Structure formats: C-alpha cells, structure tokens
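Reviewing the structure listed below.
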Protein chains: 2
Amino acid sequence: MARAATTSDAFNAIAEPRRREILVLLRGSERPVTDLARDLGMTQPQASKHLRVLREVGLVRVRESGKQRLYGLDARGLRPVHEWVGGFERFWSESFGRLDEYVQELKQTRQEEPDDDDDQ
Amino acid sequence: MARAATTSDAFNAIAEPRRREILVLLRGSERPVTDLARDLGMTQPQASKHLRVLREVGLVRVRESGKQRLYGLDARGLRPVHEWVGGFERFWSESFGRLDEYVQELKQTRQEEPDDDDDQ
DNA sequence: TTGACGCATTCCGATATAGGCATATGATGG
DNA sequence: CCATCATATGCCTATATCGGAATGCGTCAA
C-alpha cells in the first residue's frame with residue numbers, strides 16, 4: 001500500500017506547500033489559474049493540478065466567467081483540521097517547552113516534602 | 001519528483017490517520033510501543049515505524065525506562081499548523097456557506113450606492 | 001549462557017505523487 | 001471556420017510511502 005491519496009483528506013491536501021500557498025492567495029479573492037501560477041512562480045499545469053486536488057477535497061470552488069475559470073476559497077474543510085490540532089493546544093501551552101526541567105522540579109519537591117500524591 | 005517526505009513537516013507527518021491516532025493516545029500519558037500497537041489494532045512494527053516518523057519531526061519524544069522505551073507527546077510542533085489553519089477561521093465563520101448570496105448582496109449594494117472603494 | 005521479552009530495522013511489492021513537457025479541450029473574436 | 005487565449009490532461013520518470021513478514025539487537029532474569 002502507498003501513502004493515502006492527496007485527495008482523501010484536507011489533511012493530505014494541505015500537506016503540500018504549494019497547495020498551502022494557493023489557499024493563502026485565494027484568501028484575497030477569486031482568481032484564474034494563470035494568475036496563481038504567475039504569482040507563485042509555477043507553471044500553469046502545475047497550478048491546475050494542485051487546484052484539481054484542492055477542488056476534489058472541496059477546499060476550492062470554480063466558477064466559470066466567460067473565457068476564464070475563477071477559483072475561489074472554500075475554507076469549511078479546514079475546520080476539522082483546526083479542531084483536531086486545537087485539541088493539543090493545552091499541550092503546547094503550559095510552559096511545555098521546559099517539561100524536562102519541570103519534571104526535575106517535581107522530583108526534587110517530592111524528596112523535600114514527602115507528601116503522598118499520585119500523578120494521573 | 002515524488003511527494004514530500006512524511007518527515008519533512010508536521011503537516012506531512014499528521015497527514016497519516018494512524019499517526020494522528022497515536023498522537024491522540026499519547027495525549028493521555030507516555031506509553032511503550034506495544035501498548036500503542038495493541039490499543040490501535042496495528043502490528044508492533046507498524047507502530048514503531050510511525051513513531052519513528054513522529055520522532056523525526058519532533059512531535060514525539062522517547063525515554064528509556066529499563067527494558068522499555070516510553071513515547072511521549074511533544075505537541076509544540078503542532079502549533080505552527082494550528083496557526084496556519086487558524087488564518088482561515090474567518091472564512092469558515094461568517095456564514096460562509098452562503099458566500100454566493102453574500103457576493104450578490106455586495107454587488108447590489110454597490111450599484112445602489114456608488115462609493116469608491118478598492119479591494120486589496 | 002540461554003531464553004524471553006520489547007522494540008527497531010530490513011527487504012519486498014504495490015501505489016501514486018509531483019514535476020516537466022507536450023498536447024488536447026474550450027470558449028471568444030474576427 | 002480559423003486563430004488565439006485560458007485551462008485541463010496525458011505521458012514519463014524518480015522517489016518514497018505503507019503494509020507485511022522476518023529478523024536483528026539489547027536488556028533482564030534464571
């Protein structure tokens with residue numbers, strides 16, 4: 001088995017840096033493919049392919065406008081991602097950067113004051 | 001070129017569902033590989049491999065404890081992800097489901113009151 | 001030492017991605 | 001109808017993933 005399809009998930013879709021760039025650009029306004037390609041310094045086929053992925057996961061919509069096709073952001077699919085990652089917020093807050101020292105402190109405190117306590 | 005390495009990014013690392021499951025489990029407490037494997041219904045080598053990826057991107061730490069190796073969460077790497085996705089929050093709030101109607105409204109308003117405005 | 005346990009690593013195969021390049025498709029204007 | 005602009009698709013290669021199964025390796029106990 002290979003890696004899960006990029007189109008299987010918002011998680012997988014946004015794993016690609018270029019696709020993330022596209023989404024950021026689309027935050028500003030609807031845009032045709034050529035525009036995006038130029039602004040991001042990639043070829044038009046590249047942009048088209050990435051947009052296809054984004055469309056398949058529903059992060060992007062297309063709207064025909066005469067000769068052009070305007071791509072627009074549909075960020076709703078990002079919400080589950082935000083929520084999932086948000087579930088870890090308390091783990092990077094709480095001065096988590098110095099967890100090791102914190103553990104050391106705890107140990108010392110225990111030795112000084114032999115209260116009985118259980119960790120959860 | 002192939003897809004970016006799973007170890008290149010937190011974005012890429014958490015694209016894998018099983019790895020996400022692992023991270024969720026580790027929110028509870030440190031755990032040895034076998035535990036995780038059993039609880040998630042995967043083989044031990046599978047779990048080990050996923051943990052390796054998570055370790056390489058710094059989302060997980062290992063601590064030797066006698067015969068065992070305890071894996072623990074280090075969620076700091078998820079913060080950038082949360083922030084990036086958070087940048088889209090206003091796009092899924094604001095009754096985004098009816099964006100089209102909203103755009104229509106804007107157009108009409110413009111015609112009624114020809115203020116000069118520029119979008120950025 | 002031998003064995004058992006906990007875990008990591010290796011080899012295998014199937015899959016599909018991303019980029020590059022060429023080309024097909026589609027609508028528009030003479 | 002033809003040329004042109006805007007976009008999508010097809011083909012190709014290199015690469016790396018994930019799963020499965022087997023095995024390597026280090027630690028601990030007898």
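In what follows, chains are A, B, ... by sequence order, proteins preceding strands, each numbered from 1. Values in this document were obtained by computation on a predicted structure and should not be read as measured data.
- OP1 or OP2 of dA8(C) sits under 4.0 Å from a side-chain N or O of Y71(B).
- Look at T34(A) and you won't find any side-chain N or O under 4.0 angstrom from OP1 or OP2 of dA6(D).
- Between the C1' atom of dT7(D) and the CZ atom of R63(A) lies a distance of 16 Å, rounded to the nearest Å.
- For dT17(D), the OP1/OP2 oxygens have no side-chain nitrogen or oxygen of H50(B) closer than 4.0 Å.
- Note: CE (M1(B)) to P (dA16(D)) measures 10 Å, nearest angstrom.
- Nearer the 5' end of DNA chain D, as judged by each residue's closest nucleotide, is the contact made by R31(A), out of R31(A) and Q46(B).
- For the atom pair D39(A) CG and E21(A) CD, the distance stands at 11.0 Å (nearest 0.5 Å).
- Atom pair E64(B):CD and dC25(D):C1' shows a separation of 13 Å (rounding to whole Å applied).
- Taking the side chain of T6(B) as heavy atoms from C-beta on, and the options dA8(D), dG20(C), dT17(D), the nearest nucleotide is dT17(D).
- An OP1 or OP2 oxygen of dA8(C) is reached within less than 4.0 angstrom by a side-chain nitrogen or oxygen of R69(B).
- Annotation for L26(B) and L73(B): closest pair O-CB, 3.8 Å, computed over non-hydrogen atoms.
- Judged by the 6.0 Å distance and 45° axis criteria, R27(A) is positioned over the aromatic ring of F88(B).
- Aromatic ring pairs are classed by plane angle as parallel below 30°, tilted from 30° to 60° and perpendicular above 60°; the pair H82(B) and H82(A) is parallel.
- Under 3.5 Å, the side chain of K67(A) and the base of dG29(C) form no donor-acceptor pair of N or O atoms.
- Residue contacts shown for P45(B) include a base, since a base heavy atom lies under 4.0 Å away.
- The CG-P distance, from L54(B) to dA8(C), rounds to 12 Å in whole Å.
- Contact annotation for E16(A): backbone-only contact, meaning every heavy-atom pair under 4.0 Å involves sugar-phosphate atoms and none involves a base.
- Atom CG in N12(A) sits about 9 Å away from atom P in dT17(C), given to the nearest Å.
- What separates CD of E30(B) from P of dG6(C) is a distance of 18 Å, to the nearest Å.
- Of all heavy-atom pairs spanning I14(B) and R20(B), the tightest one is O-NE, 2.7 Å.
- Heavy atoms of S48(B) sit under 4.0 angstrom from at least one base atom.
- Here R19(A) reaches the OP1 or OP2 of dA18(C): one of its side-chain N or O atoms lies under 4.0 Å away.
- Atom CG in D9(B) sits about 16 Å away from atom P in dA16(D), given to the nearest Å.
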Derivation and outcome, side chain to side chain donor-acceptor pair (under 3.5 Å), residues S93(A) and E89(A): CA-CA 6 Å; S93(A) 320; E89(A) 194 157 14; 5.4 Å; no

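- Between A2(B) and Q44(B), the residue anchored nearer the 5' end of DNA chain C, judged by the nucleotide with its closest heavy atom, is Q44(B).
- We find that NZ of K49(B) is positioned 20 Å from P of dG6(C), with the value rounded to whole Å.
- Here A47(B) lies out of heavy-atom contact (under 4.0 Å) with every strand.
- Each of G66(A) and A4(A) lies near DNA chain C, and the nucleotide nearest A4(A) is the one positioned closer to the 5' end.
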